[in-house]
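Here's the structure, in structure tokens; my notes come after.
The basis for the numbers below is simple: all heavy atoms, side chains too, and nothing from hydrogens, waters or symmetry mates. No experiment lies behind these values; they were computed from the predicted model shown. Letters A, B, ... mirror the listed sequences (proteins, then strands); counts begin at 1.
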Amino acid sequence: MDVSIKILRYDPESDRKGHWENYIVDAEPEERILDLLHKIKWFEDGSLSFRKSCAHGVCGSDAMVINGENMLACQVLVKEVGNSLKIEPIRGLPVVKDLIVDMEPFFDSYKKVMPYLINEKEPGDRERLQSPEDRDRFEDTTKCILCAACTTSCPVFWTAESYVGPAAIVNAHRFVFDSRDEGSKQRLEILKDVNGAFRCRTAFNCTSACPRGIQVTKAIEDIKRETLLNN
Amino acid sequence: MAYQKIVSTGSVYKGKTGMWLYVFHRVTGVGLFGYLLLHIISTALILLGPEIYEGAEAVYKNFYFRVAEIGLMAAVLGHAINGLRIITVDLWSKGSDYQKQLNFVSLFIFLVIFIPTTYKMTTSYFDLCLQKSSSGTTIVDCLIRPIPDWK
Amino acid sequence: MQTTRTDWGRRQPPIGGSSFELQAWFFMRVSGLVLVFLAVWHMFIMHVFNDTLNLDYEFVAARWETPYWRAFDWLLLALSLLHGTNGLRVVIHDNIADKTIKKLAHSALYGTSLIFFLIGTYAIVAFVRQV
Amino acid sequence: MKVIKHSFDGVIVGAGGAGLRAAIEAAPHMKLAVITKLYPTRSHTGAAQGGMSAALANVEEDNWNWHAFDTVKGSDYLADQPAVDILCKEAIDAVIELEHWGLPFSRLDNGKIAQRRFGGHTVKEGTSPAFRACYAADRTGHMILQTLYQKCVSMGVTFFDEFQVLDIKIEDGICQGVVAYELATGDIHIFETRAVTFATGGFGKIFKVSSNAHSLTGDGPGILYQKGIPLEDMEFYQFHPTGIYRLGILLSEAARGEGGILRNKDGERFMERYAPSIKDLAPRDMVSRAIATEISSGNGAGPDSDYVYLDLTHLGAETIKKKLPDITDFVRTYVKIEPIEEPIPVQPTAHYAMGGIPTDVNSRVLSDEKGTVLPGVYAAGEAACVSVHGANRLGTNSLLDIVVFGKRAGQSMVDYVTQTKPNQLSDNASNDLTKKITNLIEKEHTNEFSVAKIRKDLQDSMEENAKIFRTKETLEKQTEILEELRERYENVTIYDKGKVHNSELVEAIELDYLLDMSEATVSSALARNESRGAHSRQDYPHRDDTNFMKHSFAFKNDNSANLKYRDVELGKYEPMERKY
Ligand SMILES: Cc1cc2nc3c(=O)[nH]c(=O)nc-3n(C[C@H](O)[C@H](O)[C@H](O)COP(=O)(O)OP(=O)(O)OC[C@H]3O[C@@H](n4cnc5c(N)ncnc54)[C@H](O)[C@@H]3O)c2cc1C
Ligand code: HEM
Ligand code: SF4
Ligand code: F3S
Ligand code: FES
């Protein structure tokens with residue numbers, strides 16, 4: 001079956017702004033959108049650039065806007081989105097080339113929330129104990145693959161890049177609700193800032209965009225409430 | 001070397017209900033604030049005595065403004081009910097699990113209040129118009145002109 | 001791109017940040033809840049139980065006979081102005097990136113709100129029936 | 001082309017589990033850079049699912065000697081036993097250390113780290129399947145990668161993200177530095193450094209159906225191979241029994257560890273015939289061969305009779321949701337069936353390279369079969385061959401390998417850097433790479449010599465001739481094909497001439513490494529006239545301990561490889577027949 005694909009392209013060496021380009025690709029309904037992009041790149045136009053690696057939704061390389069919504073190209077099949085496609089880079093981060101955006105601001109926000117276990121106590125030579133219930137408390141947010149689908153789907157982030165964004169909050173949540181961690185106070189302090197969790201306006205785009213099915217908004221709400229109760 | 005980077009200007013993002021409710025809440029919030037400023041001025045005119053105050057109020061006495069008032073009602077009710085929904089999502093730990101249901105319930109409550117209100121505001125306009133105008137005034141007159149021969 | 005540690009290190013715990021944003025956020029919810037009673041009730045009185053077509057000097061004057069309604073209206077004025085101002089503060093913060101313009105817009109907003117608050121308060125407090 | 005020079009004491013190439021673990025060890029003691037062609041968290045370690053073994057004995061009695069026994073037996077006795085002892089002994093502390101750094105392992109009711117069963121792991125030297133694999137649901141690798149990266153962030157490690165190392169400078173047999181290409185700008189970066197660790201992962205992309213990422217092209221081994229360093233045990237490539245049909249996406253052995261069953265078209269639990277005692281939990285090489293045999297004898301399911309079923313339907317929705325959430329989601333996404341109700345079509349998929357850059361137990365790279373150390377160069381993870389996996393790796397031992405030997409690589413870097421002085425690398429160190437790139441840019445593009453076409457032919461032919469079952473004929477045929485592909489590669493051209501994110505250019509260079517890996521694999525396989533572990537020659541169906549208890553070392557030589565051998569280091573476990 002023929003699939004027509006419209007891609008928003010940008011080449012910093014020759015373009016001043018982006019332009020749309022059309023391609024027709026022969027594809028099976030079971031193929032991934034990533035496979036179609038590869039067909040274009042490998043057999044038609046080698047200059048098309050996009051990130052990819054694992055090809056099955058675990059590395060977080062290939063978040064892009066497909067038919068108006070953020071998705072991982074390797075996680076959607078042709079039959080789910082039909083045979084007329086519109087593909088654009090994710091929003092709110094500067095476009096470097098074609099579907100590749102500058103991820104540095106995204107990772108900087110991530111690093112701001114101290115995304116690592118903080119516990120200065122001597123742990124001894126065996127594992128720390130943690131009950132299955134305590135472990136379940138933050139299970140959902142451990143799944144994050146830092147693909148930026150959530151942050152770049154957030155209407156607040158589009159207009160204001162200074163917002164740390166849902167992904168950073170998700171990663172703070174991962175530690176704030178880990179019974180072994182002792183740094184929550186500092187993290188909540190950071191997220192109390194003007195550009196922190198309270199900028200979220202519960203638009204829920206992040207939750208629908210997350211390819212790992214993380215309840216992103218719920219995590220943000222957990223953080224808001226936790227800050228409220230600890231203040 | 002640093003190459004120029006651009007901001008993606010693509011098509012409209014196909015967000016779900018939540019995103020459009022966010023837009024709605026923002027638009028109504030800003031709109032209500034604007035209306036509030038107007039309203040403060042027109043109410044404060046009361047200090048200047050009945051003529052001026054009622055002169056200003058007279059501007060409102062037509063059907064177009066009634067439609068605007070119904071819009072205002074919709075904005076206040078919509079903003080208020082959606083605001084309550086947001087508060088629920090924020091403060092109730094299970095709120096975000098029931099996001100879809102809450103959207104639905106909010107819409108339902110909105111309609112339950114808004115429809116009868118609109119009905120009342122519409123019929124009462126025509127009732128008062130006919131009642132307070134000289135005989136021979138028709139509904140159409142009430143519709144297209146400032147209330148004729150207001151008594 | 002090369003990344004090295006910048007300001008996120010574990011040795012500089014940013015303790016003692018301001019709680020303003022949290023308080024503003026919480027205020028929006030609380031004032032919203034109160035406004036449901038004040039604003040929606042106000043709307044109903046004006047538009048449903050009465051009709052604005054009947055609104056005249058006498059109506060207002062009668063209402064403001066009782067200090068209870070003056071208090072009600074003043075609270076409505078104050079809360080909705082504060083609530084709306086804070087809402088707009090956020091809207092400006094979201095939509096204006098330039099720091100100077102942002103500052104200007106914020107100042108204009110606060111100035112406007114203050115003036116309207118004073119006008120409104122003056123009207124409610126100073127009103128005396130003329131006829 | 002702009003050339004930028006940096007100076008570091010040590011450089012780690014690759015930010016998967018092995019690279020990050022080495023970085024944590026080395027960073028506090030030197031000026032260190034980690035260079036990675038993907039953002040660290042995109043590394044393929046994140047795809048690992050099932051678990052990481054260590055004899056913690058949290059569920060039942062266990063000790064590291066049994067783990068070592070299983071590893072050696074699983075390796076078909078080709079693993080070096082002293083190295084295996086280190087792996088299994090240090091496993092326990094490695095797991096505890098990860099827990100201390102925050103890794104969110106699944107937990108038992110008493111709060112200890114949960115452990116599950118995995119293929120080839122037994123208690124008391126083969127008595128019954130062992131609960132040894134520590135896990136975090138079915139995303140153990142993801143958690144390891146995240147935890148190690150988080151640790152690096154907390155330490156302030158310097159990263160060069162999306163920089164691809166494409167050359168190493170070795171002068172007078174001593175490492176002087178590496179040369180990298182910055183993907184975002186096309187600039188060349190020279191890293192002047194004394195110590196380099198290669199942790200670039202595997203090269204599963206030499207095959208068509210593979211569980212490996214697009215980025216796994218054997219860069220590290222390729223770079224060294226082209227400098228005359230040999231590659232060890234390249235004939236041993238592991239095929240995982242349960243890849244999703246046609247896509248190769250992995251369904252972890254944890255599925256069988258939790259009780260999943262393999263069935264042929266008649267619904268028969270065929271593993272009972274091949275491994276009567278541990279059945280579906282036999283080591284991967286045996287299960288993959290069993291599936292291939294079922295398929296070739298007409299017991300495969302589907303219109304082309306070319307797959308079998310992985311049946312999870314009897315496990316119950318609760319277990320599946322708690323313990324195998326991710327892989328069942330893969331099935332829902334890519335096959336569109338509900339694994340709680342229907343069996344899943346699977347076929348063996350190319351998965352893991354047992355072979356790679358030869359190292360000693362301190363992760364120091366060896367430049368020949370005699371064990372000569374190449375000063376300043378280290379390797380760890382899937383790119384390296386210690387060898388702890390021998391002819392067949394047991395599930396969960398790779399995640400162990402990357403942390404245990406990643407750490408050792410870091411320590412060795414520290415030792416070396418503290419004993420040596422900073423070096424100087426001349427500005428023309430980038431000339432070779434610049435020439436290569438200019439060459440590709442200047443050549444006019446023709447469709448006939450496109451990267452993708454050559455790579456596709458390579459993957460298809462390797463799949464056909466050098467997969468699970470091999471014979472002299474198929475391997476000789478593949479040798480010829482490789483010669484022809486190599487010739488075509490000499491003329492390879494690219495369409496994209498830009499500087500910014502020119503991934504076509506990078507793919508062209510990676511294809512060179514893929515060809516190298518294939519050549520080394522096929523040459524080594526052709527010379528090994530026996531069947532052992534993952535290397536299974538139909539014309540030599542038995543293991544031959546008299547002639548082949550030795551590791552192969554492939555040295556680059558035009559289109560094939562020169563082979564040398566080194567004896568396996570034996571230990572307490574005497575080779576015996578592998579029965580399960
Ligand atoms: C689907 C799947 C499931 C698995 N499950 C398990 C399991 O349950 N248990 C188990 O023990 N093992 C498992 N394995 C095996 C194990 O995950 C891998 O062998 C291991 O993670 C490899 O880690 P690594 O650090 O060596 O390489 P990788 O994690 O692959 O990292 C390679 C790194 O090198 C970088 N790199 C590569 N080339 C260059 C270059 N030229 N320049 C700069 N940087 C470069 C990449 O950017 C990347 O950061 C699984 C493997 C797969 C594919
Ligand atoms: C009637 C009851 C009201 C309720 C329950 C209510 C509730 C809320 C809530 C909860 C918010 C925060 C939204 C968020 O953080 O996502 C909000 C925002 C806002 N409200 Fe109200 N409000 C009410 C009335 C008003 C009135 C009368 C005005 C006008 C003055 C107003 C103007 C605003 C503005 C401008 C915002 C900011 C919108 C944004 O940030 O997107 N609200 N309201
Ligand atoms: S929360 Fe989900 S969408 Fe956001 S970065 Fe993590 S995985 Fe991606
Ligand atoms: S889309 Fe944005 S506004 Fe909040 S709920 Fe998600 S972060
Ligand atoms: S390629 Fe890894 S998530 Fe899509």
Side-chain angles (χ1 to χ4, degrees), chain A residues 11-14 30 32 38 41-43 45-61 75 77 79 96-98 100 102-104 107 110-111 114-119 123 125-132 134-135 138-139 142-146 174-175 178 180-181 213, chain D residues 38-39 41-44 46-47 56 93 95-96 99-102 104-114 136-137 139 142-143 146-147 150-151 153-154 161 184 213-215 247 249-250 326 329-330 333-334 336 445 447 450-453 456 494-504:
Chain A
D11 178 355
E13 290 170 79
S14 60
E30 282 78 27
R32 297 164 271 204
H38 272 145
K41 179 171 183 68
W42 291 342
F43 302 109
D45 181 348
S47 67
L48 177 67
S49 296
F50 49 90
R51 291 191 177 99
K52 46 94 205 284
S53 181
C54 71
H56 67 286
V58 296
C59 77
S61 297
Q75 223 185 29
L77 309 188
K79 64 178 170 199
V96 180
K97 188 189 177 199
D98 294 343
I100 297 183
D102 183 355
M103 295 292 288
E104 291 307 318
F107 279 105
Y110 161 76
K111 288 167 186 160
M114 309 207 280
Y116 36 81
L117 192 84
I118 298 176
N119 187 330
D125 52 10
R126 285 296 294 199
E127 70 258 48
R128 295 190 192 91
L129 299 183
Q130 182 172 50
S131 71
D134 283 347
R135 170 65 179 75
F138 61 101
E139 160 72 5
T142 60
K143 298 189 299 202
C144 176
I145 52 175
L146 296 168
R174 143 81 185 83
F175 290 100
D178 187 335
R180 300 169 296 171
D181 184 82
Chain D
L38 304 169
Y39 276 98
T41 55
R42 317 263 185 256
S43 304
H44 211 54
L56 296 184
D93 283 343
V95 168
I96 301 298
E99 195 283 331
H100 289 171
W101 290 342
F105 283 107
S106 294
R107 300 286 174 155
L108 300 169
D109 283 339
N110 62 13
K112 290 184 179 172
I113 294 171
R139 53 184 90 93
H142 166 76
M143 300 299 193
Q146 294 283 331
T147 304
Q150 289 155 358
K151 178 79 182 159
V153 168
S154 81
D161 295 334
H214 286 288
S215 56
L247 293 172
I249 296 170
L250 196 78
D326 278 13
D329 266 352
F330 296 150
T333 308
Y334 298 104
K336 299 277 177 257
H445 180 62
N447 259 335
S450 80
V451 180
K453 286 214 173 100
K456 183 171 183 306
I494 54 173
Y495 172 82
D496 189 357
K497 308 294 185 190
K499 287 201 169 73
V500 181
H501 282 286
N502 187 339
S503 37
E504 200 188 9

Residue, of A/Ala55, A/Ser49, A/Gly60, that accumulates the most heavy atom pairs under 4.5 Å with chain D: A/Gly60
Aromatic centroids of A/His56 and D/Phe330 separated by under 6.0 Å: yes
Under 3.5 Å donor-acceptor, A/Gln75 side chain and D/Thr333 backbone: no
Which portion of D/Phe105 sits near chain A, non-hydrogen atoms under 4.5 angstrom: backbone
Residue among D/Lys456, D/Lys453, D/Gln150, D/His100 with most heavy-atom pairs under 4.5 Å to chain A: D/His100
Heavy-atom proximity to chain D below 4.5 Å, by part of A/Arg126: both
Greatest number of heavy atom pairs closer than 4.5 Å to chain D - which of A/Gly213, A/Pro12, A/Pro132, A/Gly57: A/Pro132
Donor-acceptor contact below 3.5 Å, side chain A/Glu127 vs main chain D/Ile113: yes
Minimum heavy-atom distance D/Pro104-A/Phe138, with the two atoms named: CB-CE1, 3.6 Å
A/Thr142 vs D/Met143, side-chain contact (heavy atoms from CB on, under 4.5 Å): CA-CA, chis, key distance, verdict: CA-CA 8 Å; A/Thr142 60; D/Met143 300 299 193; 3.0 Å; yes
Criterion side-chain contact (heavy atoms from CB on, under 4.5 Å) on A/Leu146 and D/Gln146, from CA distance to verdict: CA-CA 10 Å; A/Leu146 296 168; D/Gln146 294 283 331; 4.2 Å; yes
Minimum heavy-atom distance A/Leu117-D/Trp101, with the two atoms named: CB-O, 3.7 Å
Region of A/Pro123 in contact with chain D, defined by heavy-atom distances below 4.5 Å: both
Under 4.5 Å from any heavy atom of chain D - which part of A/Arg128: both
Distance, nearest 0.5 Å, that separates CG of D/Asn110 from CG of A/Leu129: 7.0 Å
Top contributor to chain A interface from D/Ser450, D/Gly46, D/Gly498 [non-hydrogen pairs under 4.5 Å]: D/Gly498
When D/Arg42, D/Glu504, D/His501 are compared by non-hydrogen pairs under 4.5 Å with chain A, the top option: D/Arg42
When A/Met103, A/Arg135, A/Lys97 are compared by non-hydrogen pairs under 4.5 Å with chain D, the top option: A/Arg135
For A/Lys52, all residues meeting salt bridge (Lys or Arg N to Asp or Glu O under 4.0 Å), sequence neighbours excluded: D/Glu507
Structural part of D/His142 lying under 4.5 Å from a heavy atom of chain A: side chain
Pairing residues for A/His38 by the ring pair (Phe, Tyr, Trp, His ring centres under 6.0 Å) criterion, not counting sequence neighbours: A/Trp42, A/Phe50, D/His214
side-chain contact (heavy atoms from CB on, under 4.5 Å) between D/Arg107 and A/Asp134, worked out: CA-CA 9 Å; D/Arg107 300 286 174 155; A/Asp134 283 347; over 6 Å; no
Basic-acidic side-chain contact under 4.0 Å: A/Glu139, D/Arg139: yes
Chain A contact via D/Ile249 - which portion, at a heavy-atom distance below 4.5 Å: side chain
Which atom of A/Gly46 lies closest to which atom of D/Asp496, heavy atoms considered: O-CB, 3.7 Å
side-chain contact (heavy atoms from CB on, under 4.5 Å) evaluation trace for A/Gln130 with D/Glu99: CA-CA 11 Å; A/Gln130 182 172 50; D/Glu99 195 283 331; 5.8 Å; no
Chain A contact via D/Leu108 - side chain, backbone, both or neither, heavy atoms under 4.5 Å: backbone
Salt-bridge criterion met for A/Glu30 and D/Lys336 (N-O under 4.0 Å): no
N-O pairing of D/Asp329 and A/Lys143 below 4.0 Å: no
Chain D interface, residue from A/Ile100, A/Val58, A/Asp181, A/Leu48 that has the most non-hydrogen pairs under 4.5 Å: A/Ile100
Parallel, tilted or perpendicular: rings of D/Tyr39 and A/Phe107 (30°, 60°): parallel
Atom group of D/Val451 that falls short of 4.5 Å from chain A, counting heavy atoms: neither
Partner chain D: residue of A/Ile145, A/Asp98, A/Asp178 with the largest heavy-atom pair count (under 4.5 Å): A/Ile145
Chain A contact via D/His44 - side chain, backbone, both or neither, heavy atoms under 4.5 Å: side chain
A/Arg32 side chain reached by D/Leu247 side chain, heavy atoms, under 4.5 Å: yes
